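Only this structure's heavy atoms are used, side chains among them; waters, hydrogens and symmetry mates stay out. Remember, predicted model here, so these are calculated numbers, not experimental data.
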Amino acid sequence: MARRGPSQDSCADPVAELRDVSKVYGHGDALVRALDHLSLTVLRGDYLAVMGASGSGKSTAMNILGCLDRPSTGSYQLNGTPVESLDDDQLADLRNRELGFVFQQFHLLPHLSALDNVILPMVYAGVPHEQRQLRARAALERVGLGQRLTNKPNQLSGGQQQRVAIARAIINQPALLLADEPTGALDSRTTAEVLDILDDLHRGGMTVVIVTHEDDVAARAEKIVHFRDGRLLD
């Protein structure tokens, strides 16, 4: 059974820390406060599910955790790095080095094979050429696609595309894996297969945060937090 609320395990060190973070869009009468003095700590080794209705702030929090957006106020540290102090180039480098992303719509490049989609983050990370193919093949084999290396996305099922996306997300051994509604476009059988992979990654030591509106998906996590009106519910 999932434990609800942030971890109280003082033995683990933080991977991601949001401290008193607010995010505001617009001005005057059109002002929207997407996050309202939010504090959230993700500890190394956590498997955390984030839930909340549309407009609750969970996607905004995910974007900030993923260095895709910046807080209006407050601070964010990712693996010990104060994110708000970084320029755009430094932020992109941190994102590629420390984060892995899995999205609902896969976001694979259609003209590249499964293997080349997985290789791409290593190119940006400066991984030596001779290591890229070996690591990409191993990652695809880990998610059960060792026989699909040369297939392009349109030659793969939705579940297979999501497996490629997971392989791509973990290829640089990120400190934090962020999965935003990763099963939203999948049927129930394929959903279970993808969640089994995420469970296995967590058992292997990876820190995972998954955003979902589905109770059965959230139940796979060890901890669950609920958002409402830009804040965490007690």
Start with the C-alpha distance between T81 and L86, add both sets of side-chain angles, then the distance that settles side chain to side chain contact (heavy atoms under 4.5 Å, CB included), and finish with yes or no. CA-CA 9 Å; T81 299; L86 304 181; 4.0 Å; yes

Between K58 and G52 (side chain of the first, backbone of the second, donor and acceptor by atom type, cut-off under 3.5 Å), is there such a pair? yes

With a 4.5 Å heavy-atom cut-off, do M206 and I170 have their side chains touching? yes

Which atom pair, heavy atoms only, marks the closest approach of A185 to Q105? CB-NE2, 4.3 Å

After noting the C-alpha distance and the side-chain angles of L178 and V102, does the key distance pass the side chain to side chain contact (heavy atoms under 4.5 Å, CB included) rule? CA-CA 6 Å; L178 299 172; V102 182; over 6 Å; no

Partner residues of N79 under the side chain to side chain donor-acceptor pair (under 3.5 Å) criterion, sequence neighbours left out: R44, E98

Closest non-hydrogen atom pair between P110 and P153, with its separation: O-CD, 3.6 Å

What do you reckon, is CD of E130 surrounded by more than 12 foreign heavy atoms closer than 6.0 Å? yes

Under the side chain to side chain contact (heavy atoms under 4.5 Å, CB included) criterion, do K152 and L112 qualify, and how do the steps go? CA-CA 6 Å; K152 293 184 178 179; L112 294 182; over 6 Å; no

Backbone N or O of E214 within a donor-acceptor pair of the T212 side chain at under 3.5 Å? yes

N/O donor-acceptor pair under 3.5 Å between S85 side chain and P82 backbone: yes

How many angstroms lie between atom CD1 of I119 and atom CG of L115, to the nearest 0.5 angstrom? 4.0 Å

So which pairs with a foot in residues 41-75 pass ring-ring contact (aromatic ring centres under 6.0 Å, His included), sequence neighbours left out? Y47-H202

Rounded to the nearest 0.5 Å, how far apart are CG of N151 and CG of L145? 9.0 Å

Okay, side chain of T183, backbone of L186: is any donor-acceptor separation there less than 3.5 Å? no

Residue pair N172 / A125: nearest heavy atoms and the distance that separates them: ND2-CB, 3.8 Å

Do V42 and L94 land in one hydrophobic cluster if side-chain heavy atoms of ILVMFWY residues count as linked below 4.5 Å? yes

Is there side-chain contact between L43 and V15, with at least one heavy-atom pair below 4.5 Å? no

So, the side chain of R95 versus the backbone of C67: is there a donor-acceptor pair under 3.5 Å, distance only? yes

Check the hydrophobic clustering (I, L, V, M, F, W, Y; side-chain heavy atoms under 4.5 Å; chains of links allowed) and say if V164 and L149 are grouped together. yes

Measure up the F101 and F103 rings against each other and bin them: parallel (under 30°), tilted (30 to 60°), perpendicular (over 60°). parallel

Please determine which of L18, I64, D20 meets the side-chain contact (heavy atoms from CB on, under 4.5 Å) test together with L38. L18

Just by modelled atom types, is the D89 backbone N or O under 3.5 Å from a matching donor or acceptor in the D87 side chain? yes

Ion pair check, D88 and R70, cut-off under 4.0 Å: yes

Is a side-chain donor or acceptor of D180 paired with a backbone partner of V211 at a separation under 3.5 angstrom? no

Closer than 3.5 angstrom, by distance alone: can the side chain of Q162 be matched with the main-chain N or O of G159 as a donor-acceptor pair? no

Any side-chain heavy-atom pair from F227 and L233 closer than 4.5 angstrom? no

Locate the shortest heavy-atom distance separating Y25 from A34; write the atom from each residue and the value. CE1-CB, 3.7 Å

Short question: side chain of E84, backbone of Y76 - any donor-acceptor pair under 3.5 Å? yes

At their closest point, which heavy atom of V118 faces which heavy atom of M122, and how far apart are they? O-CE, 4.1 Å

In sequence, state the C-alpha distance, the side-chain angles, and the governing distance for T60 and N63, and then conclude on side-chain hydrogen bond (donor to acceptor under 3.5 Å, both in side chains). CA-CA 5 Å; T60 302; N63 286 340; 5.6 Å; no

Between D196 and R220, does any NZ, NE, NH1 or NH2 come within less than 4.0 Å of an OD or OE carboxylate oxygen? yes

State, to 0.1 Å, how close A218 and M51 come at their nearest heavy-atom pair, and which atoms those are. CB-SD, 3.4 Å

Might you work through the side chain to side chain contact (heavy atoms under 4.5 Å, CB included) test for V208 and L48, ending with a clear yes or no? CA-CA 6 Å; V208 180; L48 176 69; over 6 Å; no

Rounded to the nearest 0.5 Å, how far does CZ of F106 lie from CD of Q160? 10.5 Å

Rounding to 0.5 Å, atoms OG (S59) and CD (E181) come to a distance of 7.5 Å

Hey, is E141 close enough to R137 for a salt bridge, meaning N to O under 4.0 Å? no

Quick check: does any side chain N or O of Q131 sit under 3.5 Å from a backbone N or O of P128, one acting as donor and the other as acceptor? no

Quick check for you: to the nearest 0.5 Å, what is the distance between D36 atom CG and S22 atom OG? 5.5 Å

Would you kindly confirm whether L198 and V50 end up in one hydrophobic cluster when ILVMFWY residues are joined by side chain heavy atoms under 4.5 Å apart? no

Should L177 and L40 be regarded as members of a common hydrophobic cluster, given that ILVMFWY residues are connected when their side-chain heavy atoms come within less than 4.5 Å of each other, either directly or indirectly? no

